[in-house]
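Accompanying notes for the structure given below.
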Amino acid sequence: VREEFNRAEALQNDKVPDGVREHLQNVKVRIEAHGEANEEFRTKRREILQSASSTPEAVKVELEKLHDERKAAMKEIR
């Protein structure tokens with residue numbers, strides 16, 4: 001929590017060089033995007049697992065597909 005405060009403080013501090021402030025802003029954007037991607041993944045995973053009409057094989061295929069999509073999304077974020 002303290003690190004987040006320091007980053008937020010640095011983004012608003014005029015004494016911090018522009019390059020550092022820009023880098024911190026980019027880091028913040030990547031962290032937020034990563035968190036959103038993880039939340040979306042967990043939601044879709046939960047929906048797949050709770051799907052009562054799917055067979056175990058279908059669930060496995062859907063989960064593998066979801067994992068592949070997540071890998072691709074994480075590569076884009078980095």
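Please read these numbers as outputs of a predicted model, since none were measured by experiment.
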> Taking everything shown except Arg78 itself, do over 12 heavy atoms lie less than 6.0 Å from its CZ?
Replying inline: no
> So do Arg70 and Asn38 actually touch side chain to side chain, heavy atoms under 4.5 Å?
Replying inline: yes
> Salt-bridged, Arg21 to Asp18, with N to O below 4.0 Å?
Replying inline: yes
> Just wondering, do His67 and Phe41 contact through their side chains at under 4.5 Å, heavy atoms?
Replying inline: yes
> Any Lys/Arg nitrogen of Glu47 or Lys44 sitting under 4.0 Å from an Asp/Glu carboxylate oxygen of the other?
Replying inline: no
>> Let me confirm one number: the CD1-CZ distance from Ile77 to Arg30, rounded to the nearest 0.5 Å.
In response: 10.0 Å
> Considering only heavy atoms from C-beta outward, does the side chain of Leu66 approach that of Glu69 to under 4.5 Å?
Replying inline: yes
> Would you say the side chain of Lys28 lies within less than 4.5 Å of the side chain of Leu24, judging by non-hydrogen atoms?
Replying inline: no
> Do you know which of Thr43, Val59, Val61 makes side chain to side chain contact (heavy atoms under 4.5 Å, CB included) with Ile48?
Replying inline: Val59
> Is there side-chain contact between Glu36 and Glu39, with heavy atoms separated by less than 4.5 Å?
Replying inline: no
